[in-house]
Amino acid sequence: MKKTGLISPGSDGLLGAEDLGKTVALLRAGEPVALPSETVYGLAANALEPEACAKIFSAKDRPFYDPLICHLPSPDFLGEFAFSCPLAERLAQAFWPGPLTMVLPKRAMIPDLVTAGLPDVALRCSAHPVFQQVVSACGFPLAAPSANRFGRVSPTAASHVLAELNGRIALVVDGGACGYGLESTIVRVAGEHLEVLRPGPILVEELEKYAPVLQPEDLRSAPGNLPSHYAPATPLSILEKDAGPAFAAKREEGKRLGLLAWEGKSEGRWEKIEKLSETLDLREAGHRFYSALRELDAAGLDAICAEALPETGLGATIMQRLRKAAHHG
Ligand code: TXA
Ligand code: MG
């Protein structure tokens, strides 16, 4: 097991020349590196090199059927790696750099390993200054899934990446806590309409200004969109209105329970409470969601209960993640 290095940007928020050189040298040598993004931390490797990308799959224990998102240095590269269209160009102009991933027909240089054999590639352009700095210096796109073990809670801080991948990768770049804290919105650009494959920080209402949007329930899922995902090791249940008696029974058995709180009104003797936002701000709740889940997971509890959030705006995205995190099997 090799030791994982950790480096940080300077006070200007960017990597110094030596650290940038070290990061790019590892990526050029085909080694994956964990990078901060505005959504969650990504485990990046040269998207044009199947051997480099294979190391992402093995570090994460990720099955090869789950394709990787490719990150571009700027919107200008969209047509270089995918067959673009006017709608994709308009979306890139509106939302890139930022938390929108577009699925489009791939060009030949994108390896089949990256797309899991699919004819389409998922492309994104991160707004994080360090991610931009690194991908621009590399001169090749970076394939980067979330930097967690497959199926587990996404990392929104460098310490989370180390908890997941320490000893499995050479380097983590510590860019502090991720702003959004939730993975990008994924849309398939299909002619003149959009299909949401994964909800995220860019809301359907925003996308509808550009084209008609088909909602997830209309669609087959994204290839990696499994029923169980983003899951803590501790059993998690959502406190829907009818869940009361089950949890009352558990408390009688003397179980140690934690609460992932929204309004914080759920009755019970909670060993630990993590409140997502004191001011009931959905953006703050998204920012804190995965780290709160991790805190509860690390507290030696028998079970975690999560209060349901309102399913408007970002609340719908958080609830989608919560349902998958609560799905066992
Ligand atoms: O915010 C994000 O998107 C983060 C940061 C690091 O960019 N990345 C991320 O990657 O969340 P990952 O691999 O954890 O989730 C990407 C999802 C997977 O469920 C995968 O199946 C789907 O995107 N995906 C990737 N390529 C695809 C493709 N060609 N067609 C459909 N879905 C695709
Ligand atoms: Mg992921």
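Each ligand, and each atom within it, is numbered from 1 in the order the structure gives.
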Per-atom filter on ligand 1: closer than 4.0 angstrom to a heavy atom of Gly42 are 6 (C)

Distance-only polar pair, side chains of Ser146 and Asn148, donor-acceptor under 3.5 Å: yes

Does His71, backbone or side chain, put an N or O under 3.5 Å from an N or O of ligand 1? yes

Could you verify whether a donor N or O on one side chain and an acceptor N or O on the other, from Ser159 and Arg294, lie under 3.5 Å apart? no

Under a 4.0 angstrom heavy-atom cut-off, which atoms of ligand 1 come close to Ala122? 25 (C), 26 (N), 27 (C), 29 (N)

Same hydrophobic cluster for Leu194 and Trp96, using side-chain heavy-atom links shorter than 4.5 Å among ILVMFWY? yes

Salt bridge Lys272-Asp297, side-chain N to carboxylate O under 4.0 Å: no

Starting from the C-alpha separation in whole Å, work towards a yes-or-no answer on salt bridge (charged side-chain N to carboxylate O under 4.0 Å, His left out) for Arg168 and Asp61. CA-CA 10 Å; Arg168 292 181 162 227; Asp61 293 330; 3.3 Å; yes

Any nitrogen or oxygen of Arg198 lying under 3.5 Å from a nitrogen or oxygen in ligand 1? Just yes or no. yes

Say whether Glu183 and Ser154, considering side chains only, have a donor N or O and an acceptor N or O under 3.5 Å apart. yes

Quick one: look at Leu68 and ligand 1, take heavy-atom pairs under 4.0 Å, and tell me if it's side chain, backbone, both or neither. backbone

Should you measure from each heavy atom of Pro145, which atoms of ligand 1 turn up under 4.0 Å away? 10 (O), 12 (P), 13 (O)

How close do Lys275 and Leu280 get, counting heavy atoms only, and between which atoms? NZ-CD2, 4.4 Å

Rounded distance (nearest 0.5 Å) linking atom CD of Glu80 with atom CZ of Arg107: 8.5 Å

Does Thr115 have a non-hydrogen atom less than 4.0 Å from ligand 1? no

Evaluating non-hydrogen atoms only, which member of Val114, Ile186, Leu100 is closest to atom 23 (O) of ligand 1? Ile186

Distance col, row Glu274:CD vs Leu293:CG, nearest 0.5 angstrom, shows 9.5 Å

Is there at least one pair of N or O atoms, one from Arg188 and one from ligand 1, spaced under 3.5 Å apart? no

Any N, O or S atom of Ser146 closer than 2.8 Å to the Mg ion (ligand 2): yes

Could you list which atoms of ligand 1 come closer than 4.0 Å to a heavy atom of Asp120? 29 (N)

Which option, Pro36, Cys70, Pro67, Ala82, owns the non-hydrogen atom nearest atom 26 (N) of ligand 1? Pro67

Numbered in order shown, the ligand 1 atoms found under 4.0 Å of a heavy atom of Ser184 are 1 (O), 2 (C), 3 (O)

Looking at Tyr41 versus His160, is the centre-to-centre ring distance below 6.0 Å? no

Hey, is ligand 1 close enough to Arg62 that some N/O pair sits below 3.5 Å? yes

Near Thr39 (heavy-atom distance under 4.0 Å), the atoms of ligand 1 are 1 (O), 2 (C), 4 (C), 5 (C)

Any side-chain heavy atom of Leu296 within less than 4.5 Å of one from Pro232? no

Where the closest heavy atom to atom 4 (C) of ligand 1 is concerned, which of Val40, Val121, Leu35 has it? Val40

What are the atoms of ligand 1, with element, lying closer than 4.0 Å to any heavy atom of Asp66? 18 (C), 19 (O), 20 (C), 21 (O)

Tyr41 versus ligand 1: do any nitrogen or oxygen atoms come within less than 3.5 Å of each other? no

Kindly say whether the aromatic ring centers of Phe95 and Tyr210 come within a distance under 6.0 Å. yes

Can you tell which part of Ala144 has a heavy atom less than 4.0 Å from ligand 1: side chain, backbone, both or neither? backbone

Are Phe81 and Phe83 connected, step by step, through hydrophobic side chains (Ile, Leu, Val, Met, Phe, Trp, Tyr) whose heavy atoms are closer than 4.5 Å? no

Close N or O approach (Arg124, ligand 1; < 3.5 Å): yes

Between Arg198 and Thr101, do the side chains contain an N or O donor and an N or O acceptor separated by less than 3.5 Å? no

Below 3.5 angstrom, do we get any N/O pair linking Lys60 and ligand 1? no

If you measure from each heavy atom of Lys106 to ligand 1, is any distance below 4.0 Å? no

My understanding is that we take every heavy atom of each candidate and find the minimum distance to atom 16 (C) of ligand 1. Doing that for Leu104, Leu142, Ile69, Leu182, which one comes out nearest? Ile69

